[in-house]
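Chain identifiers are assigned alphabetically (A, B, ...) following the order of the sequence lines, protein sequences preceding nucleic acid strands; residue numbering begins at 1 within each chain. Owing to the predicted nature of the structure, the values given are computational and were not obtained by experimental measurement.
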There are 2 protein chains.
Amino acid sequence: MSTAQETAGGELQPWAEVTPDAARRLLVAAVEAFAERGYHATTTRDIAGRAGMSPAALYIHYKTKEELLHRISRIGHEKALDILRTAGGRAGSPAERLADAVSSFVRWHAGGRTTARVVQYELDSLGADARAEIIALRRQVDAEVRAIIEDGVAAGDFDVPDVPGTTLAVLSLCIDVARWFNVDGPRTPEMVGDLYADLVLRMVGADRRKRSGADGQK
Amino acid sequence: MSTAQETAGGELQPWAEVTPDAARRLLVAAVEAFAERGYHATTTRDIAGRAGMSPAALYIHYKTKEELLHRISRIGHEKALDILRTAGGRAGSPAERLADAVSSFVRWHAGGRTTARVVQYELDSLGADARAEIIALRRQVDAEVRAIIEDGVAAGDFDVPDVPGTTLAVLSLCIDVARWFNVDGPRTPEMVGDLYADLVLRMVGADRRKRSGADGQK
DNA sequence: CCCGATACTGAGCGAGCGCTTAGCATGCCC
DNA sequence: GGGCATGCTAAGCGCTCGCTCAGTATCGGG
């Protein structure tokens with residue numbers, strides 16, 4: 001009970017950077033509550049209660065309820081961007097890099113569905129300034145995926161008539177995993193990641209031989 | 001001002017079945033408000049105000065705020081199902097029917113983004129009974145798309161290793177259009193519909209000749 | 001010309017919201 | 001061991017929420 005390595009939902013904690021301990025517990029509680037009920041339907045009393053504290057304790061570590069959402073959203077987007085950059089920057093053919101990027105991005109959305117849901121679907125609840133900051137991060141996410149697709153087109157490996165549109169569709173497909181993925185369902189995050197990597201390679205017209213060789217990593 | 005054929009957002013009104021007139025005005029106002037701010041962040045005073053009425057007027061036509069969301073969600077899902085059934089039931093090859101279904105489904109999500117947003121993303125705000133009813137409608141939507149894909153596999157036109165997973169991905173891709181589509185953006189609903197029909201045919205492995213012949217309808 | 005039904009409004013109730021404040025325990029420096 | 005940040009709680013403020021209710025304007029039927 002003292003070492004909180006997992007949430008009640010059972011997912012790994014990427015919140016180690018949040019200190020002190022009480023601030024992290026509040027933030028993790030907020031992620032769970034926002035994911036379950038949505039930002040506006042979550043009360044500060046609920047967040048504090050999940051963290052085992054009184055409602056007033058929240059305001060020692062955060063100025064407002066919105067600051068909690070802002071922090072969650074920024075850290076989450078930075079993590080998502082990091083995942084894509086790592087995959088996109090690795091050696092290998094464009095098809096391998098795209099498959100790697102998609103499968104790890106999808107695994108993050110499925111496995112950390114609680115976090116991903118808040119990050120991807122509560123953006124509108126932020127105020128104008130915070131939203132602008134997050135939108136800038138999203139543009140970097142988009143650029144990362146587009147760069148891989150453009151590499152594949154330039155190398156002649158992909159057949160993509162509309163690169164911006166296809167980039168949008170690929171990201172949309174991955175992000176929406178956070179909406180429908182069910183931890184108790186029949187699919188593991190790894191299975192969805194592999195399935196989606198294959199579907200995306202088909203979308204960009206990577207030929208069959210390249211495709212079957214690219215989705216073999218863990 | 002008396003004949004309300006369009007909302008403030010400019011989309012066509014599929015709400016003709018809602019009577020009397022005051023009840024429809026309230027429902028249209030609720031759709032706009034829910035789409036802009038979300039269900040929980042919308043107040044009954046806001047809905048009534050948009051419809052040009054006092055807060056109390058809402059409760060003459062609807063028992064609760066939730067009943068409004070329920071009605072919107074049911075009518076919306078029935079419309080979405082109707083679109084898919086029409087496309088899926090037409091004559092033609094599986095590839096043509098799938099392209100037709102996807103492009104019209106996507107056009108509905110993009111063009112009627114206001115409505116589609118509420119229908120697809122406010123499901124969790126419904127109570128248990130209402131949610132169960134809507135989920136049953138969603139299963140019918142899923143079955144409709146899966147049937148077309150199974151037809152294509154049976155006919156040897158499609159190459160789909162995981163039919164349920166691919167069905168899920170195709171629907172997810174279409175539904176998420178309601179989240180990102182921007183009326184002021186560079187793409188019309190028709191353009192997105194055509195792009196997505198092509199991408200989905202690639203996902204199911206319809207061969208190139210069939211693909212280029214299937215997305216030529218309006 | 002009055003009647004009841006219908007559609008609506010103005011005022012406001014009880015509840016719960018985000019957030020504040022006064023005060024209490026703890027631990028560290030001197 | 002006294003002084004004082006630090007981190008927390010109990011209580012509650014001001015406000016807005018979903019919703020209610022008594023009262024009013026309108027109108028078709030007898």
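- Not counting sequence neighbours, Phe158(B) has no partner by the ring pair (Phe, Tyr, Trp, His ring centres under 6.0 Å) test.
- Shown for residues 37-46 of chain B: residues whose heavy atoms fall under 4.0 angstrom of DNA chain D, namely Thr42(B), Thr43(B), Thr44(B), Arg45(B).
- Qualifying ring pair (Phe, Tyr, Trp, His ring centres under 6.0 Å) partners for Phe105(A), counting only residues two or more places apart in sequence or in other chains: His109(A).
- Tyr121(A) pairs by the ring pair (Phe, Tyr, Trp, His ring centres under 6.0 Å) definition with Tyr121(B), not counting sequence neighbours.
- Here the range on DNA chain D touched by chain B, meaning any atom under 4.0 Å from one of its heavy atoms, is dC17(D) to dC21(D).
- Listed by chain and residue number, Ala33(A), Arg37(A), Thr42(A), Thr43(A), Arg50(A) satisfy the side chain to side chain contact (heavy atoms under 4.5 Å, CB included) test with Asp46(A) (two or more places apart in sequence, or in another chain).
- Under a 3.5 Å cut-off, the side chain of Arg107(B) and the backbone N or O of Pro189(B) do not form any donor-acceptor pair.
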Report task. At under 4.0 Å between heavy atoms, which parts of nucleotides 21-26 of chain C does protein reach? Answer with one letter per nucleotide, 5' to 3': B base, S sugar-phosphate only, - none. Result -> B-----

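- Looking at residues two or more places apart in sequence or on another chain, you find a side-chain hydrogen bond (donor to acceptor under 3.5 Å, both in side chains) between Ser172(A) and Asp176(B).
- A 4.5 Å side-chain heavy-atom check between Glu133(B) and His70(B) finds at least one atom pair inside the cut-off.
- Residues Asp21(B) and Arg25(B) are paired through a salt bridge, judged by an N-O separation under 4.0 Å between the basic side chain and the carboxylate.
- With sequence neighbours excluded, the residues that form a side-chain hydrogen bond (donor to acceptor under 3.5 Å, both in side chains) with Gln140(B) are Arg85(B).
- For the salt bridge (Lys or Arg N to Asp or Glu O under 4.0 Å) condition, the pairs that include at least one residue of residues 118-130 of chain A, sequence neighbours left out, are Asp124(A)-Arg117(B).
- Arg202(B) and Asp198(B) are joined by a salt bridge, as a carboxylate oxygen and a charged side-chain nitrogen come within less than 4.0 angstrom of each other.
- For the segment residues 57-74 of chain A, residues with any heavy atom less than 4.0 angstrom from an atom of DNA chain C are, sorted by number, Tyr59(A), Thr64(A), Lys65(A).
- With sequence neighbours excluded, the residues forming a ring pair (Phe, Tyr, Trp, His ring centres under 6.0 Å) with Phe34(A) are Tyr39(A), listed by chain and number.
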